[in-house]
Protein chains: 2
Amino acid sequence: MSHNIKEIIKNLSVDCVIFGFERGCMEVLLIRRAINPQKGMWALPGGFIKKEEQVLDAAQRVLKVTTGVDDRYLEEVGIFDRIDRYPLWRVFTIAHFALISPKHYALVPGIDTSEVRWFKLSDLPELVFDHQEIIDRALVRLRSRIRTRPIGFELLSKKFTLPQLQRLYEEILGHEIDKRNFRKKVLKLNLLKKLKEVHKTKKGRSAALFMFDTVNYNKLKEDGFIFELS
Amino acid sequence: MSHNIKEIIKNLSVDCVIFGFERGCMEVLLIRRAINPQKGMWALPGGFIKKEEQVLDAAQRVLKVTTGVDDRYLEEVGIFDRIDRYPLWRVFTIAHFALISPKHYALVPGIDTSEVRWFKLSDLPELVFDHQEIIDRALVRLRSRIRTRPIGFELLSKKFTLPQLQRLYEEILGHEIDKRNFRKKVLKLNLLKKLKEVHKTKKGRSAALFMFDTVNYNKLKEDGFIFELS
DNA sequence: GCAAAAGTGTTAACGTTACACCCATGA
DNA sequence: TCATGGGTGTAACGTTAACACTTTTGC
């Protein structure tokens with residue numbers, strides 16, 4: 001056993017599906033590999049777990065290196081374990097998904113990475129290993145979570161409008177929602193504080209800006225809720 | 001890299017929280033360790049993953065060795081990764097939960113095991129490592145799953161009565177349910193076929209026996225449903 | 001003033017909850 | 001015949017679903 005805290009565990013990695021939301025579309029943050037195997041191809045940000053590190057800390061480290069942020073919503077999705085998923089030796093990876101608000105963070109290619117950028121979920125490039133499968137499962141998880149936890153908000157700026165929030169839910173859930181029913185339901189959660197500011201859109205009427213009521217927000221995050229709308 | 005298919009991966013194990021239901025109580029299957037560390041103490045059935053094995057296969061192997069059955073409901077709960085959770089070296093374990101019907105299976109102590117037996121969930125012995133924590137999280141998962149998948153049935157015999165099913169739900173959810181509302185809701189799922197047989201109880205009126213309608217059962221397992229009753 | 005997007009209430013259908021008595025069986 | 005547990009229906013309530021017009025704003 002080494003006591004070098006930096007030493008990595010060669011058969012255990014983490015990968016992060018980092019979701020963002022811009023201009024009405026879900027996006028995923030991908031990196032371009034600068035090393036072999038599969039040098040030059042697009043992949044999920046990830047890395048090996050260190051000898052003295054916990055899994056979630058490793059995922060947080062990857063998130064920090066890729067986006068410069070920590071302390072965002074991050075959740076374990078599950079283990080991916082196909083025997084030949086990594087070509088050089090056997091690697092189990094623990095997939096996570098994270099929600100961040102794209103505008104706010106400067107992307108910096110990490111070590112072993114030549115490029116970082118957002119891709120629309122509907123327009124992903126070919127990915128290395130089993131990373132497409134990981135994204136698919138993360139998305140299933142996200143869709144399920146958004147119906148019982150108020151995590152959708154993590155994808156928006158601190159101040160946001162109800163039409164933005166609605167488009168986010170429509171995009172993730174994959175179907176349209178009635179505007180009046182949506183507003184009724186969201187406002188009844190006692191989660192939002194209406195601000196005096198408005199958000200000017202290019203065309204049409206300006207939309208009122210909202211923020212969370214942090215107290216109720218954290219309570220709801222713990223307790224969960226049911227969000228179902230046809 | 002060895003090509004010995006039996007060789008184990010020393011830092012990755014699986015543990016199974018095997019739930020059962022007898023006489024109105026949830027039970028968990030535990031084994032007594034016949035080897036060190038913690039020889040003689042009670043633990044979850046588990047084992048190291050083999051070099052050429054997938055995680056779920058390892059969990060299924062553990063289930064088979066412990067209970068003699070395969071092909072029961074088995075689901076990944078998550079990874080447990082505290083750095084010192086295993087005293088000899090670093091071991092990550094992937095926790096699973098399984099649902100089986102206790103009566104049906106002969107328990108055979110596996111290798112490295114001196115004893116296997118069911119414990120009431122409300123009366124567990126002291127457990128090794130972080131196994132109590134694993135059970136707690138598996139239970140949270142089970143409670144959540146039972147509200148969206150018809151997995152409760154996996155804990156009962158092929159033929160069962162509605163009062164049995166209701167007590168199962170009450171036990172898992174932790175609160176009482178109105179008998180009439182429960183029956184209405186369950187029967188409306190179109191999941192059960194009423195048999196002509198009855199189950200004789202020691203006292204009182206006999207209860208009608210039911211089985212699944214397999215077709216609707218599998219459909220509901222895939223689609224999910226919402227089961228909420230106060 | 002017109003195009004574009006924001007904002008606003010009511011009703012009908014449905015699902016959930018609460019609630020009390022009769023029935024079959026074994027001792 | 002009585003004690004025990006199984007089996008049944010209805011009304012009030014709350015939630016969800018469907019639906020169309022007015023308001024604000026920039027050009």
Side-chain angles (χ1 to χ4, degrees), chain A residues 23-25 146-148 156-157 159-171 173-211 220 223-230, chain B residues 22-25 146-148 150 156-157 159-171 173-211 220 223-230:
Chain A
R23 276 178 290 283
C25 287
I146 205 174
R147 300 187 315 139
T148 57
L156 298 173
S157 320
K159 300 172 182 180
F160 54 88
T161 69
L162 289 185
Q164 283 169 357
L165 185 61
Q166 181 175 345
R167 272 194 294 276
L168 169 61
Y169 271 82
E170 288 176 340
E171 170 80 3
L173 294 176
H175 62 79
E176 299 202 338
I177 302 175
D178 179 272
K179 191 173 22 163
R180 281 167 291 190
N181 292 340
F182 179 82
R183 298 170 74 96
K184 231 182 305 170
K185 179 139 193 173
V186 168
L187 291 172
K188 208 176 354 167
L189 294 174
N190 268 338
L191 199 63
L192 304 183
K193 280 187 307 194
K194 188 171 184 172
L195 304 177
K196 287 183 182 150
E197 307 160 69
V198 293
H199 174 78
K200 301 224 189 280
T201 46
K202 290 140 212 162
K203 297 187 158 187
R205 180 174 175 175
S206 306
L209 282 166
F210 289 80
M211 281 186 70
L220 217 53
D223 298 354
F225 66 111
I226 303 284
F227 193 94
E228 294 279 4
L229 278 174
S230 65
Chain B
E22 271 292 302
R23 275 178 291 282
C25 288
I146 205 174
R147 299 186 316 139
T148 57
L156 298 173
S157 320
K159 299 174 184 181
F160 54 89
T161 70
L162 290 184
Q164 284 168 356
L165 185 62
Q166 180 175 348
R167 273 193 295 274
L168 169 61
Y169 271 82
E170 289 175 339
E171 171 80 3
L173 294 175
H175 61 79
E176 297 201 338
I177 302 175
D178 179 272
K179 190 174 22 164
R180 279 168 291 189
N181 293 341
F182 179 82
R183 298 170 73 95
K184 230 184 306 172
K185 178 138 193 172
V186 169
L187 291 173
K188 207 176 352 167
L189 293 173
N190 269 338
L191 200 64
L192 304 184
K193 282 187 305 195
K194 189 171 183 172
L195 304 178
K196 289 185 180 147
E197 307 160 68
V198 293
H199 174 77
K200 301 224 189 278
T201 47
K202 290 139 212 163
K203 297 188 160 187
R205 178 174 176 176
S206 306
L209 282 166
F210 289 80
M211 281 186 70
L220 218 52
D223 298 355
F225 66 111
I226 303 285
F227 192 95
E228 295 278 5
L229 278 174
S230 65

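Just so it is clear: chains get the letters A, B, ... in the order the sequence lines come, proteins before strands, and each one is counted from 1. The model shown is predicted, which means the values in this text are computed figures rather than measured ones.
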Here the distance between atom P of D:dT24 and atom CZ of A:R205, to the nearest Å, is 5 Å

Heavy-atom nearest nucleotide on DNA chain D taken for B:R167 and for A:S206; more 5' hit belongs to B:R167

Value for CG (A:L162) from CZ (A:R167), rounded to nearest 0.5 Å, stands at 11.0 Å

When rounded to whole Å, the CG to C1' distance for the pair B:L162 and D:dG7 reads 10 Å

Heavy-atom nearest nucleotide on DNA chain C taken for A:F210 and for B:K203; more 5' hit belongs to A:F210

Separation of D:dC13 atom P from B:N181 atom CG, nearest Å, is 16 Å

B:D178 atom CG is separated from D:dG7 atom C1', nearest whole Å, by 12 Å

Distance criterion of 3.5 Å, no angle test: do you see the side chain of A:R180 paired donor-to-acceptor with the base of D:dA20? yes

Expected list for residues 183-200 of chain B near DNA chain C, using heavy atoms below 4.0 Å, is B:K184, B:K185, B:K200

Between A:Q166 and A:D178, the two heavy atoms sitting closest are NE2-C, 4.1 Å

| message | Closer than 3.5 angstrom, by distance alone: can the side chain of B:T161 be matched with the main-chain N or O of B:Q164 as a donor-acceptor pair? | response | yes

Residues passing the side chain to side chain donor-acceptor pair (under 3.5 Å) test with A:K159, sequence neighbours excluded, are A:E197

To the nearest angstrom, the CD1-P distance between B:I177 and C:dT16 comes to 13 Å

By side chain to side chain donor-acceptor pair (under 3.5 Å), A:K184 pairs with (sequence neighbours left out) A:N181

Separation of C:dA6 atom C1' from A:F160 atom CZ, nearest Å, is 16 Å

Atom CZ of A:F182 and atom P of D:dA18 are separated, to the nearest Å, by 17 Å

Quick one: does B:I177's side chain get under 4.5 Å of B:Y169's, heavy atoms only? yes

